[in-house]
Amino acid sequence: MTADHVQEPAIRVRGLEKSYKELHVLRGVDFDVTPGSIFALLGSNGAGKTTVVNILSTLLKADAGTATINGFDAAAQGADVRQSISLTGQFAAVDGILSGRENLVLVARLRHLKDPGAVADDLLARFSLTDAAARKVATYSGGMRRRLDIAMSLIGNPPVIFLDEPTTGLDPQARIEVWRTVKELAGRGTTVLLTTQDLDEAEELADRIAILHGGRIIVNGTLAELKRLLPPAKVEYVEKQPTLEDVFLALVGSDE
Amino acid sequence: MTNHFFSDTGVLLGRSLRHIARSLDTIITTAIMPIAFMLLFVYVLGGAIQTGSGPYVNYLLPGILLITIASGISYTAYRLFMDMQSGIFERFQSMPIARSSVLWAHVLTSLVANLISLVVVVLVALLMGFRSGAGAPAWFAIVGILVLFTLALTWLAVIAGLSAKSVDGAGAFAYPLILLPFISSAFVPTATMPGPVRAFAENQPVTSIVNAIRELFAQQPVGADIWIALAWCVGILVVAYTVAMTIYRRKIA
Ligand SMILES: Nc1ncnc2c1ncn2[C@@H]1O[C@H](COP(=O)(O)OP(=O)(O)OP(=O)(O)O)[C@@H](O)[C@H]1O
Ligand SMILES: [Mg+2]
(Lines give C-alpha, C1' and ligand atoms only; values in the text may rest on other atoms or scores of the structure.)
(Ligands and ions follow the chains in the order given, each with its own letter.)
Protein backbone atom coordinates (compact mmCIF):
# COMPACT_ATOMS: atom_id res chain seq x y z
CA MET A 1 0.00 0.00 0.00
CA THR A 2 3.02 2.28 -0.15
CA ALA A 3 3.75 3.85 -3.50
CA ASP A 4 1.10 2.18 -5.64
CA HIS A 5 -0.08 5.40 -7.19
CA VAL A 6 3.33 6.24 -8.64
CA GLN A 7 3.51 3.10 -10.73
CA GLU A 8 1.61 2.47 -13.94
CA PRO A 9 -0.62 -0.59 -13.33
CA ALA A 10 0.45 -3.82 -15.03
CA ILE A 11 -3.17 -4.48 -15.95
CA ARG A 12 -5.76 -1.75 -16.35
CA VAL A 13 -9.33 -2.63 -17.23
CA ARG A 14 -11.97 0.04 -17.86
CA GLY A 15 -15.62 -0.34 -18.73
CA LEU A 16 -15.20 -3.82 -20.20
CA GLU A 17 -18.38 -5.21 -21.77
CA LYS A 18 -19.01 -8.49 -23.53
CA SER A 19 -22.13 -10.29 -24.70
CA TYR A 20 -22.59 -13.71 -26.23
CA LYS A 21 -25.62 -13.15 -28.44
CA GLU A 22 -28.40 -12.23 -25.95
CA LEU A 23 -26.34 -13.05 -22.87
CA HIS A 24 -24.82 -9.84 -21.43
CA VAL A 25 -21.94 -11.35 -19.42
CA LEU A 26 -19.73 -8.32 -18.68
CA ARG A 27 -21.51 -5.03 -18.06
CA GLY A 28 -18.69 -2.61 -17.32
CA VAL A 29 -15.77 -4.22 -15.52
CA ASP A 30 -13.10 -1.96 -13.99
CA PHE A 31 -9.97 -2.89 -12.08
CA ASP A 32 -6.23 -2.28 -11.88
CA VAL A 33 -3.45 -4.68 -10.96
CA THR A 34 -0.23 -3.36 -9.50
CA PRO A 35 2.99 -4.76 -11.01
CA GLY A 36 4.42 -7.67 -9.08
CA SER A 37 1.22 -8.27 -7.14
CA ILE A 38 -1.22 -11.16 -7.05
CA PHE A 39 -4.77 -10.26 -7.93
CA ALA A 40 -7.59 -12.75 -7.41
CA LEU A 41 -10.79 -12.55 -9.38
CA LEU A 42 -13.57 -14.37 -7.57
CA GLY A 43 -16.96 -15.21 -8.93
CA SER A 44 -19.49 -18.00 -9.06
CA ASN A 45 -19.88 -20.31 -12.08
CA GLY A 46 -20.75 -18.34 -15.17
CA ALA A 47 -19.86 -14.97 -13.63
CA GLY A 48 -17.56 -14.23 -16.55
CA LYS A 49 -14.10 -14.82 -15.08
CA THR A 50 -12.88 -16.83 -18.06
CA THR A 51 -14.37 -14.25 -20.39
CA VAL A 52 -12.30 -11.51 -18.71
CA VAL A 53 -9.14 -13.61 -18.87
CA ASN A 54 -9.73 -14.43 -22.54
CA ILE A 55 -10.16 -10.77 -23.41
CA LEU A 56 -6.97 -9.87 -21.53
CA SER A 57 -5.03 -12.60 -23.34
CA THR A 58 -6.34 -11.43 -26.76
CA LEU A 59 -8.36 -14.58 -27.44
CA LEU A 60 -11.63 -12.63 -27.40
CA LYS A 61 -12.55 -9.10 -28.39
CA ALA A 62 -14.52 -6.95 -25.96
CA ASP A 63 -17.68 -5.22 -27.19
CA ALA A 64 -16.79 -2.05 -25.31
CA GLY A 65 -14.21 -0.74 -22.87
CA THR A 66 -10.43 -1.06 -22.79
CA ALA A 67 -7.91 -3.46 -21.38
CA THR A 68 -4.27 -2.45 -21.11
CA ILE A 69 -1.60 -5.00 -20.25
CA ASN A 70 1.97 -3.92 -19.58
CA GLY A 71 1.11 -0.63 -21.29
CA PHE A 72 -0.27 -2.29 -24.45
CA ASP A 73 -3.86 -2.20 -25.60
CA ALA A 74 -5.39 -5.67 -25.87
CA ALA A 75 -7.48 -4.78 -28.89
CA ALA A 76 -4.99 -2.74 -30.91
CA GLN A 77 -1.60 -4.12 -29.88
CA GLY A 78 -2.33 -7.85 -29.62
CA ALA A 79 1.14 -8.97 -30.62
CA ASP A 80 2.80 -6.79 -27.95
CA VAL A 81 0.32 -8.02 -25.35
CA ARG A 82 1.07 -11.65 -26.25
CA GLN A 83 4.76 -10.89 -25.88
CA SER A 84 4.09 -9.72 -22.30
CA ILE A 85 1.77 -12.46 -21.06
CA SER A 86 1.25 -16.11 -20.57
CA LEU A 87 -2.05 -17.90 -20.13
CA THR A 88 -2.89 -21.00 -18.18
CA GLY A 89 -6.44 -21.62 -19.25
CA GLN A 90 -9.17 -23.19 -17.15
CA PHE A 91 -8.61 -26.58 -18.74
CA ALA A 92 -5.09 -27.93 -19.11
CA ALA A 93 -3.90 -27.18 -22.65
CA VAL A 94 -1.24 -29.80 -23.20
CA ASP A 95 -0.42 -32.05 -26.12
CA GLY A 96 -1.37 -35.58 -25.08
CA ILE A 97 0.54 -37.30 -27.87
CA LEU A 98 3.84 -35.67 -26.99
CA SER A 99 5.84 -36.40 -23.84
CA GLY A 100 6.00 -33.89 -21.01
CA ARG A 101 9.47 -32.84 -22.02
CA GLU A 102 8.47 -32.47 -25.67
CA ASN A 103 5.59 -30.22 -24.62
CA LEU A 104 7.96 -27.93 -22.75
CA VAL A 105 10.53 -27.92 -25.56
CA LEU A 106 7.76 -27.07 -28.02
CA VAL A 107 6.72 -24.00 -26.05
CA ALA A 108 10.34 -22.94 -25.49
CA ARG A 109 10.95 -23.15 -29.25
CA LEU A 110 7.83 -21.13 -29.99
CA ARG A 111 9.09 -18.51 -27.54
CA HIS A 112 12.36 -18.51 -29.48
CA LEU A 113 14.54 -19.33 -26.47
CA LYS A 114 18.15 -20.32 -26.91
CA ASP A 115 18.39 -23.65 -25.10
CA PRO A 116 14.92 -25.25 -25.14
CA GLY A 117 16.18 -28.56 -23.76
CA ALA A 118 17.74 -26.97 -20.67
CA VAL A 119 14.65 -24.85 -20.06
CA ALA A 120 12.52 -27.99 -20.21
CA ASP A 121 14.72 -30.01 -17.86
CA ASP A 122 14.80 -27.19 -15.34
CA LEU A 123 10.99 -26.93 -15.26
CA LEU A 124 10.54 -30.70 -15.12
CA ALA A 125 12.64 -30.72 -11.98
CA ARG A 126 10.84 -27.74 -10.45
CA PHE A 127 7.45 -29.36 -10.96
CA SER A 128 8.51 -32.87 -9.89
CA LEU A 129 7.89 -34.25 -13.35
CA THR A 130 11.39 -35.48 -14.15
CA ASP A 131 10.45 -39.14 -13.70
CA ALA A 132 7.51 -38.80 -16.07
CA ALA A 133 9.36 -36.56 -18.53
CA ALA A 134 9.60 -39.11 -21.34
CA ARG A 135 6.08 -40.46 -20.98
CA LYS A 136 3.19 -39.52 -23.24
CA VAL A 137 1.16 -36.82 -21.52
CA ALA A 138 -2.03 -38.77 -22.29
CA THR A 139 -0.92 -41.14 -19.52
CA TYR A 140 -0.51 -38.36 -16.92
CA SER A 141 -2.91 -37.90 -14.00
CA GLY A 142 -5.02 -34.76 -13.88
CA GLY A 143 -2.69 -33.14 -11.36
CA MET A 144 0.39 -33.93 -13.43
CA ARG A 145 -1.23 -32.44 -16.51
CA ARG A 146 -2.07 -29.31 -14.58
CA ARG A 147 1.49 -29.00 -13.27
CA LEU A 148 2.87 -29.44 -16.77
CA ASP A 149 0.34 -26.90 -18.03
CA ILE A 150 1.49 -24.31 -15.50
CA ALA A 151 5.15 -25.13 -16.19
CA MET A 152 4.52 -24.46 -19.90
CA SER A 153 3.14 -21.05 -18.98
CA LEU A 154 6.27 -20.06 -17.07
CA ILE A 155 8.56 -20.50 -20.05
CA GLY A 156 10.09 -17.27 -21.22
CA ASN A 157 9.40 -15.43 -17.94
CA PRO A 158 6.61 -13.17 -19.19
CA PRO A 159 5.96 -10.18 -16.88
CA VAL A 160 2.23 -10.91 -16.60
CA ILE A 161 0.67 -14.33 -15.99
CA PHE A 162 -3.01 -15.28 -16.11
CA LEU A 163 -4.07 -18.38 -14.23
CA ASP A 164 -7.68 -19.42 -14.74
CA GLU A 165 -8.65 -21.62 -11.78
CA PRO A 166 -5.15 -23.05 -11.50
CA THR A 167 -5.81 -25.45 -8.64
CA THR A 168 -9.23 -26.84 -9.50
CA GLY A 169 -8.96 -30.62 -9.45
CA LEU A 170 -5.63 -30.74 -7.65
CA ASP A 171 -5.04 -32.63 -4.43
CA PRO A 172 -4.09 -30.51 -1.39
CA GLN A 173 -0.37 -31.15 -1.81
CA ALA A 174 -0.34 -30.23 -5.47
CA ARG A 175 -2.40 -27.19 -4.61
CA ILE A 176 0.11 -26.04 -2.03
CA GLU A 177 2.84 -26.67 -4.59
CA VAL A 178 1.08 -24.40 -7.08
CA TRP A 179 0.55 -21.78 -4.40
CA ARG A 180 4.26 -21.81 -3.66
CA THR A 181 5.04 -21.34 -7.34
CA VAL A 182 2.63 -18.44 -7.61
CA LYS A 183 4.18 -16.73 -4.58
CA GLU A 184 7.64 -17.28 -6.00
CA LEU A 185 6.59 -15.69 -9.27
CA ALA A 186 5.19 -12.63 -7.55
CA GLY A 187 8.34 -12.49 -5.42
CA ARG A 188 10.38 -12.18 -8.61
CA GLY A 189 8.23 -9.31 -9.82
CA THR A 190 5.78 -11.17 -12.07
CA THR A 191 2.23 -9.84 -12.00
CA VAL A 192 -0.29 -12.63 -11.46
CA LEU A 193 -3.99 -12.47 -12.16
CA LEU A 194 -5.76 -15.60 -11.04
CA THR A 195 -9.38 -16.59 -11.00
CA THR A 196 -10.71 -18.96 -8.41
CA GLN A 197 -13.82 -20.29 -6.75
CA ASP A 198 -11.80 -21.20 -3.71
CA LEU A 199 -11.92 -18.55 -1.01
CA ASP A 200 -9.03 -20.12 0.90
CA GLU A 201 -6.92 -19.79 -2.19
CA ALA A 202 -7.71 -16.11 -2.57
CA GLU A 203 -7.05 -15.58 1.12
CA GLU A 204 -3.75 -17.45 0.96
CA LEU A 205 -2.35 -15.81 -2.15
CA ALA A 206 -3.91 -12.55 -3.15
CA ASP A 207 -2.69 -9.06 -2.42
CA ARG A 208 -6.04 -7.83 -3.67
CA ILE A 209 -9.31 -9.64 -4.20
CA ALA A 210 -12.12 -8.59 -6.52
CA ILE A 211 -15.51 -10.19 -6.79
CA LEU A 212 -17.16 -10.32 -10.20
CA HIS A 213 -20.91 -10.50 -9.94
CA GLY A 214 -23.75 -9.51 -12.24
CA GLY A 215 -21.28 -8.40 -14.88
CA ARG A 216 -19.45 -5.92 -12.63
CA ILE A 217 -16.77 -5.87 -9.96
CA ILE A 218 -18.84 -5.46 -6.82
CA VAL A 219 -15.96 -5.31 -4.34
CA ASN A 220 -12.24 -4.85 -4.76
CA GLY A 221 -9.78 -4.61 -1.91
CA THR A 222 -7.25 -6.31 0.31
CA LEU A 223 -8.35 -9.21 2.46
CA ALA A 224 -8.43 -6.90 5.49
CA GLU A 225 -10.57 -4.38 3.64
CA LEU A 226 -12.98 -7.09 2.54
CA LYS A 227 -13.26 -8.42 6.07
CA ARG A 228 -14.12 -4.95 7.30
CA LEU A 229 -17.18 -4.99 5.05
CA LEU A 230 -18.75 -7.55 7.35
CA PRO A 231 -19.97 -6.83 10.88
CA PRO A 232 -17.11 -6.95 13.42
CA ALA A 233 -16.14 -10.41 14.56
CA LYS A 234 -17.78 -11.69 17.72
CA VAL A 235 -15.60 -13.31 20.33
CA GLU A 236 -16.69 -16.88 20.95
CA TYR A 237 -14.92 -19.68 22.70
CA VAL A 238 -14.89 -22.89 20.68
CA GLU A 239 -12.74 -25.96 20.69
CA LYS A 240 -10.25 -25.70 17.78
CA GLN A 241 -11.06 -28.59 15.50
CA PRO A 242 -8.50 -29.57 12.89
CA THR A 243 -9.75 -28.86 9.40
CA LEU A 244 -10.19 -31.71 6.96
CA GLU A 245 -7.19 -30.34 5.12
CA ASP A 246 -5.06 -30.63 8.28
CA VAL A 247 -6.15 -34.24 8.70
CA PHE A 248 -5.50 -35.11 5.09
CA LEU A 249 -2.04 -33.55 5.13
CA ALA A 250 -1.15 -35.20 8.44
CA LEU A 251 -2.07 -38.64 7.12
CA VAL A 252 -0.66 -38.37 3.62
CA GLY A 253 2.39 -36.36 4.63
CA SER A 254 3.06 -32.95 3.18
CA ASP A 255 6.74 -33.49 2.43
CA GLU A 256 6.44 -33.53 -1.39
CA MET B 1 5.83 -11.10 -34.81
CA THR B 2 5.31 -12.09 -38.42
CA ASN B 3 9.08 -12.23 -38.78
CA HIS B 4 8.88 -15.61 -37.03
CA PHE B 5 6.33 -17.02 -39.44
CA PHE B 6 8.67 -19.56 -41.01
CA SER B 7 10.38 -20.73 -37.84
CA ASP B 8 7.06 -20.98 -35.96
CA THR B 9 5.44 -22.89 -38.81
CA GLY B 10 8.47 -25.18 -38.86
CA VAL B 11 8.24 -25.91 -35.13
CA LEU B 12 4.50 -26.59 -35.30
CA LEU B 13 4.92 -28.70 -38.43
CA GLY B 14 7.46 -30.79 -36.52
CA ARG B 15 4.88 -31.27 -33.79
CA SER B 16 2.14 -32.51 -36.14
CA LEU B 17 4.53 -34.76 -38.03
CA ARG B 18 5.41 -36.32 -34.69
CA HIS B 19 1.71 -36.96 -34.16
CA ILE B 20 1.60 -38.74 -37.49
CA ALA B 21 4.73 -40.74 -36.81
CA ARG B 22 3.11 -41.90 -33.54
CA SER B 23 -0.14 -42.86 -35.18
CA LEU B 24 1.01 -44.45 -38.41
CA ASP B 25 -2.34 -46.21 -38.47
CA THR B 26 -3.81 -42.97 -39.85
CA ILE B 27 -1.59 -43.34 -42.92
CA ILE B 28 -2.59 -46.98 -43.26
CA THR B 29 -6.28 -46.19 -42.74
CA THR B 30 -6.02 -43.48 -45.37
CA ALA B 31 -4.45 -45.87 -47.87
CA ILE B 32 -6.51 -48.95 -47.07
CA MET B 33 -9.83 -47.87 -48.58
CA PRO B 34 -8.36 -46.77 -51.92
CA ILE B 35 -6.33 -49.98 -52.05
CA ALA B 36 -9.47 -52.02 -51.33
CA PHE B 37 -11.31 -50.21 -54.14
CA MET B 38 -8.37 -50.89 -56.42
CA LEU B 39 -8.38 -54.61 -55.60
CA LEU B 40 -12.14 -54.80 -55.97
CA PHE B 41 -12.27 -53.05 -59.30
CA VAL B 42 -9.22 -54.70 -60.84
CA TYR B 43 -9.85 -58.28 -59.74
CA VAL B 44 -13.65 -58.43 -59.39
CA LEU B 45 -15.40 -55.83 -61.51
CA GLY B 46 -12.69 -54.79 -63.92
CA GLY B 47 -13.11 -57.77 -66.25
CA ALA B 48 -16.53 -56.50 -67.24
CA ILE B 49 -15.45 -52.91 -67.79
CA GLN B 50 -14.39 -51.88 -71.29
CA THR B 51 -11.76 -49.15 -71.25
CA GLY B 52 -9.85 -49.86 -74.43
CA SER B 53 -6.37 -51.28 -74.59
CA GLY B 54 -3.92 -51.53 -71.66
CA PRO B 55 -4.38 -53.07 -68.22
CA TYR B 56 -7.39 -51.78 -66.25
CA VAL B 57 -5.18 -50.82 -63.30
CA ASN B 58 -3.56 -48.21 -65.53
CA TYR B 59 -7.00 -46.79 -66.28
CA LEU B 60 -8.03 -46.90 -62.63
CA LEU B 61 -5.05 -45.51 -60.76
CA PRO B 62 -5.66 -41.74 -61.27
CA GLY B 63 -9.13 -41.95 -59.72
CA ILE B 64 -7.79 -44.09 -56.88
CA LEU B 65 -5.18 -41.44 -56.14
CA LEU B 66 -7.89 -38.80 -55.83
CA ILE B 67 -9.87 -41.06 -53.48
CA THR B 68 -6.71 -41.44 -51.39
CA ILE B 69 -6.45 -37.68 -51.02
CA ALA B 70 -10.15 -37.30 -50.25
CA SER B 71 -9.92 -39.86 -47.48
CA GLY B 72 -6.62 -38.45 -46.19
CA ILE B 73 -7.89 -34.94 -45.62
CA SER B 74 -10.54 -36.11 -43.18
CA TYR B 75 -7.62 -36.63 -40.77
CA THR B 76 -6.56 -33.05 -41.38
CA ALA B 77 -9.96 -31.86 -40.21
CA TYR B 78 -9.76 -34.29 -37.31
CA ARG B 79 -6.33 -33.09 -36.14
CA LEU B 80 -7.36 -29.44 -36.34
CA PHE B 81 -10.60 -30.15 -34.47
CA MET B 82 -8.74 -32.00 -31.71
CA ASP B 83 -6.35 -29.08 -31.27
CA MET B 84 -9.24 -26.70 -30.82
CA GLN B 85 -11.02 -29.12 -28.51
CA SER B 86 -8.01 -29.70 -26.26
CA GLY B 87 -7.32 -26.02 -25.73
CA ILE B 88 -3.80 -26.23 -27.17
CA PHE B 89 -5.02 -24.08 -30.07
CA GLU B 90 -5.88 -21.31 -27.60
CA ARG B 91 -2.55 -21.70 -25.90
CA PHE B 92 -0.78 -21.16 -29.22
CA GLN B 93 -3.02 -18.21 -30.04
CA SER B 94 -2.16 -16.52 -26.74
CA MET B 95 1.57 -16.89 -27.36
CA PRO B 96 3.88 -14.44 -29.14
CA ILE B 97 3.97 -16.44 -32.37
CA ALA B 98 2.88 -15.71 -35.91
CA ARG B 99 -0.75 -16.68 -35.40
CA SER B 100 -1.44 -18.01 -38.87
CA SER B 101 1.46 -20.47 -38.56
CA VAL B 102 -0.87 -22.66 -36.48
CA LEU B 103 -3.07 -23.22 -39.56
CA TRP B 104 -0.21 -23.45 -42.03
CA ALA B 105 1.43 -26.16 -39.96
CA HIS B 106 -1.74 -28.25 -40.29
CA VAL B 107 -1.89 -27.58 -44.02
CA LEU B 108 1.71 -28.66 -44.59
CA THR B 109 1.21 -31.71 -42.38
CA SER B 110 -1.76 -32.66 -44.53
CA LEU B 111 0.42 -32.39 -47.62
CA VAL B 112 3.15 -34.59 -46.16
CA ALA B 113 0.72 -37.22 -44.82
CA ASN B 114 -1.15 -37.40 -48.13
CA LEU B 115 2.03 -37.69 -50.17
CA ILE B 116 3.12 -40.64 -48.01
CA SER B 117 -0.27 -42.31 -48.50
CA LEU B 118 -0.09 -41.68 -52.24
CA VAL B 119 3.33 -43.34 -52.41
CA VAL B 120 1.95 -46.39 -50.56
CA VAL B 121 -0.97 -46.64 -53.00
CA VAL B 122 1.27 -46.28 -56.06
CA LEU B 123 3.57 -49.03 -54.73
CA VAL B 124 0.60 -51.37 -54.36
CA ALA B 125 -0.54 -50.44 -57.88
CA LEU B 126 2.93 -51.35 -59.18
CA LEU B 127 2.59 -54.76 -57.53
CA MET B 128 -0.77 -55.13 -59.27
CA GLY B 129 0.79 -54.50 -62.65
CA PHE B 130 0.53 -50.76 -63.04
CA ARG B 131 3.14 -49.54 -65.52
CA SER B 132 3.84 -46.15 -67.02
CA GLY B 133 6.52 -45.01 -69.41
CA ALA B 134 6.03 -41.41 -68.33
CA GLY B 135 9.24 -39.40 -68.16
CA ALA B 136 10.36 -36.94 -65.54
CA PRO B 137 8.39 -33.94 -66.89
CA ALA B 138 5.13 -35.94 -66.94
CA TRP B 139 5.71 -37.26 -63.41
CA PHE B 140 6.50 -33.73 -62.34
CA ALA B 141 3.21 -32.52 -63.80
CA ILE B 142 1.29 -35.37 -62.12
CA VAL B 143 2.82 -34.64 -58.71
CA GLY B 144 2.04 -30.96 -59.27
CA ILE B 145 -1.63 -31.66 -59.97
CA LEU B 146 -1.89 -33.99 -56.97
CA VAL B 147 -0.26 -31.43 -54.68
CA LEU B 148 -2.61 -28.74 -55.92
CA PHE B 149 -5.63 -31.01 -55.47
CA THR B 150 -4.43 -31.93 -51.95
CA LEU B 151 -4.05 -28.26 -51.03
CA ALA B 152 -7.50 -27.43 -52.38
CA LEU B 153 -9.15 -30.24 -50.40
CA THR B 154 -6.97 -29.48 -47.35
CA TRP B 155 -8.40 -25.97 -47.13
CA LEU B 156 -11.88 -27.50 -47.36
CA ALA B 157 -10.83 -29.73 -44.46
CA VAL B 158 -9.68 -26.64 -42.54
CA ILE B 159 -13.18 -25.19 -42.91
CA ALA B 160 -14.64 -28.45 -41.60
CA GLY B 161 -12.14 -28.68 -38.73
CA LEU B 162 -12.72 -25.08 -37.64
CA SER B 163 -16.49 -25.23 -37.76
CA ALA B 164 -17.25 -28.81 -36.69
CA LYS B 165 -19.21 -29.36 -33.50
CA SER B 166 -18.09 -32.96 -32.95
CA VAL B 167 -15.25 -35.28 -33.91
CA ASP B 168 -17.53 -37.22 -36.24
CA GLY B 169 -18.66 -34.06 -37.95
CA ALA B 170 -15.06 -33.05 -38.53
CA GLY B 171 -14.40 -36.19 -40.58
CA ALA B 172 -17.80 -36.73 -42.18
CA PHE B 173 -17.53 -33.92 -44.71
CA ALA B 174 -15.03 -36.04 -46.65
CA TYR B 175 -17.52 -38.79 -47.56
CA PRO B 176 -19.12 -36.96 -50.50
CA LEU B 177 -15.64 -36.14 -51.75
CA ILE B 178 -14.68 -39.81 -51.61
CA LEU B 179 -17.79 -40.71 -53.62
CA LEU B 180 -17.29 -38.03 -56.25
CA PRO B 181 -14.83 -40.12 -58.32
CA PHE B 182 -17.51 -42.81 -58.73
CA ILE B 183 -19.61 -40.39 -60.79
CA SER B 184 -16.72 -39.46 -63.05
CA SER B 185 -14.47 -41.03 -65.65
CA ALA B 186 -12.39 -42.60 -62.86
CA PHE B 187 -13.80 -46.14 -63.10
CA VAL B 188 -15.72 -46.32 -66.36
CA PRO B 189 -15.76 -44.12 -69.45
CA THR B 190 -18.46 -41.45 -69.11
CA ALA B 191 -19.83 -42.38 -72.54
CA THR B 192 -21.48 -45.43 -70.95
CA MET B 193 -23.57 -43.32 -68.53
CA PRO B 194 -27.15 -42.16 -69.09
CA GLY B 195 -27.66 -38.51 -70.16
CA PRO B 196 -28.01 -36.45 -66.96
CA VAL B 197 -25.47 -38.53 -65.03
CA ARG B 198 -23.07 -38.23 -67.92
CA ALA B 199 -23.56 -34.46 -68.03
CA PHE B 200 -22.75 -34.25 -64.33
CA ALA B 201 -19.79 -36.61 -64.62
CA GLU B 202 -18.24 -34.74 -67.50
CA ASN B 203 -18.54 -31.36 -65.85
CA GLN B 204 -17.34 -32.06 -62.33
CA PRO B 205 -13.70 -31.53 -61.31
CA VAL B 206 -12.68 -35.18 -60.86
CA THR B 207 -13.17 -36.14 -64.52
CA SER B 208 -10.84 -33.49 -65.91
CA ILE B 209 -8.21 -34.19 -63.24
CA VAL B 210 -8.42 -37.95 -63.77
CA ASN B 211 -8.24 -37.57 -67.55
CA ALA B 212 -5.24 -35.25 -67.35
CA ILE B 213 -3.31 -37.60 -65.05
CA ARG B 214 -4.28 -40.61 -67.16
CA GLU B 215 -3.02 -38.96 -70.34
CA LEU B 216 0.22 -38.00 -68.61
CA PHE B 217 0.76 -41.58 -67.39
CA ALA B 218 0.00 -42.92 -70.87
CA GLN B 219 2.34 -40.43 -72.55
CA GLN B 220 -0.50 -39.16 -74.68
CA PRO B 221 -0.85 -35.50 -75.54
CA VAL B 222 -2.86 -33.80 -72.82
CA GLY B 223 -5.64 -31.74 -74.30
CA ALA B 224 -7.75 -29.09 -72.67
CA ASP B 225 -8.21 -31.45 -69.71
CA ILE B 226 -5.13 -30.27 -67.87
CA TRP B 227 -6.21 -26.63 -68.06
CA ILE B 228 -9.71 -27.44 -66.89
CA ALA B 229 -8.20 -29.56 -64.11
CA LEU B 230 -5.89 -26.74 -63.03
CA ALA B 231 -8.73 -24.22 -63.15
CA TRP B 232 -10.86 -26.44 -60.89
CA CYS B 233 -8.01 -26.99 -58.40
CA VAL B 234 -7.05 -23.33 -58.24
CA GLY B 235 -10.70 -22.28 -58.07
CA ILE B 236 -11.52 -24.62 -55.17
CA LEU B 237 -8.26 -23.65 -53.48
CA VAL B 238 -8.95 -19.91 -53.64
CA VAL B 239 -12.56 -20.19 -52.51
CA ALA B 240 -11.82 -22.67 -49.70
CA TYR B 241 -8.80 -20.65 -48.53
CA THR B 242 -10.82 -17.44 -48.41
CA VAL B 243 -13.70 -19.03 -46.51
CA ALA B 244 -11.34 -20.84 -44.11
CA MET B 245 -9.40 -17.65 -43.38
CA THR B 246 -12.60 -15.72 -42.76
CA ILE B 247 -13.80 -18.31 -40.26
CA TYR B 248 -10.34 -18.43 -38.69
CA ARG B 249 -10.15 -14.66 -38.21
CA ARG B 250 -13.57 -14.67 -36.62
CA LYS B 251 -12.46 -17.49 -34.30
CA ILE B 252 -9.32 -15.80 -33.05
CA ALA B 253 -11.11 -12.44 -32.54
N1 LIG C 1 -18.48 -18.96 -26.50
C2 LIG C 1 -19.58 -18.76 -25.77
N3 LIG C 1 -20.79 -18.71 -26.37
C4 LIG C 1 -21.90 -18.48 -25.64
N5 LIG C 1 -21.92 -18.30 -24.32
C6 LIG C 1 -20.75 -18.34 -23.67
C7 LIG C 1 -19.52 -18.56 -24.35
N8 LIG C 1 -18.51 -18.55 -23.46
C9 LIG C 1 -19.10 -18.31 -22.27
N10 LIG C 1 -20.43 -18.19 -22.37
C11 LIG C 1 -21.37 -17.90 -21.28
O12 LIG C 1 -20.95 -16.72 -20.64
C13 LIG C 1 -21.08 -16.82 -19.23
C14 LIG C 1 -19.74 -16.56 -18.59
O15 LIG C 1 -18.86 -17.60 -18.90
P16 LIG C 1 -17.39 -17.71 -18.31
O17 LIG C 1 -16.79 -18.94 -18.86
O18 LIG C 1 -16.67 -16.43 -18.56
O19 LIG C 1 -17.69 -17.85 -16.76
P20 LIG C 1 -16.71 -18.24 -15.58
O21 LIG C 1 -16.86 -17.19 -14.53
O22 LIG C 1 -15.36 -18.49 -16.06
O23 LIG C 1 -17.40 -19.57 -15.06
P24 LIG C 1 -16.72 -20.89 -14.42
O25 LIG C 1 -16.46 -20.58 -12.99
O26 LIG C 1 -17.78 -21.93 -14.54
O27 LIG C 1 -15.48 -21.20 -15.20
C28 LIG C 1 -21.64 -18.21 -18.97
O29 LIG C 1 -23.03 -18.09 -18.78
C30 LIG C 1 -21.34 -18.98 -20.23
O31 LIG C 1 -22.34 -19.94 -20.46
MG1 LIG D 1 -14.16 -20.09 -16.16
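So that the names make sense, note that chain A is the first sequence line, chain B the second, and so on, each numbered from 1.
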Inset, instruction - Considering only heavy atoms, give the residues of residues 162-171 of chain B separated from chain A by less than 4.5 Å, sorted numerically, with 'none' for an empty result. - result: none

Inset, instruction - Write down the atom of Leu87(A), the atom of Ser94(B), and the distance for their closest heavy-atom approach. - result: CB-OG, 3.7 Å

Legend entry - Top contributor to chain B interface from Lys136(A), Gln90(A), Arg111(A) [non-hydrogen pairs under 4.5 Å]: Arg111(A)

Inset, instruction - For side-chain contact (heavy atoms from CB on, under 4.5 Å), just list the numbers for Gln93(B) and Ser57(A), CA-CA rounded to whole Å, side-chain angles, deciding distance to a tenth of an Å, and then say yes or no. - result: CA-CA 9 Å; Gln93(B) 296 299 345; Ser57(A) 42; over 6 Å; no

Legend entry - Val107(A) versus chain B, the contacting section by heavy-atom distance below 4.5 Å: both

Legend entry - chain B contact via Ser84(A) - side chain, backbone, both or neither, heavy atoms under 4.5 Å: neither

Inset, instruction - Would you mind checking which part of Phe92(B) comes under 4.5 Å of any heavy atom in chain A, side chain (CB onward), backbone (N, CA, C, O), both or neither? - result: side chain

Inset, instruction - Decide if atom CZ of Phe91(A) counts as having more than 12 heavy atoms of other residues, nucleotides or ligands within a radius under 6.0 Å. - result: no

Legend entry - For the student: nearest non-hydrogen atoms of His112(A) and Pro96(B), plus distance: CE1-O, 3.9 Å

Inset, instruction - Might you point out which heavy atoms bring Leu110(A) and Ile97(B) nearest each other, and give the distance in Å? - result: O-CG2, 3.5 Å

Inset, instruction - Identify which of Ser86(A), Pro158(A), Ser153(A) forms the greatest number of heavy-atom pairs closer than 4.5 Å to chain B. - result: Ser153(A)

Would you list the atom pairs, donor with acceptor, under 3.5 Å between side chains in residues 147-155 of chain B and any protein atom, with sequence neighbours excluded?
unit_1, atom_1, unit_2, atom_2, d
Thr150(B), OG1, Leu146(B), O, 2.6
Thr154(B), OG1, Ser110(B), OG, 2.7
Thr154(B), OG1, Thr150(B), O, 2.6

Inset, instruction - Sequence neighbours left out, what pairs pass ring-ring contact (aromatic ring centres under 6.0 Å, His included) with at least one residue falling in residues 120-163 of chain A? - result: none

Inset, instruction - Determine the sole option in Arg91(B), Lys251(B), Glu90(B) for which the side-chain contact (heavy atoms from CB on, under 4.5 Å) test with Leu59(A) is passed. - result: Glu90(B)

Legend entry - Heavy-atom closest contact (Asp95(A) atom, Ile88(B) atom, distance): N-CD1, 3.5 Å

Legend entry - Under 4.5 Å from a heavy atom of chain A, the part of Ser23(B) involved: neither

Legend entry - Minimum heavy-atom distance between Gly87(B) and Ala93(A), given as atom pair plus value: O-CB, 3.3 Å

Legend entry - Which portion of Ala75(A) sits near chain B, non-hydrogen atoms under 4.5 angstrom: neither

Legend entry - Residues from residues 9-22 of chain B approaching chain A under 4.5 Å (heavy atoms): Val11(B), Leu12(B), Arg15(B), Arg18(B), His19(B), Arg22(B)

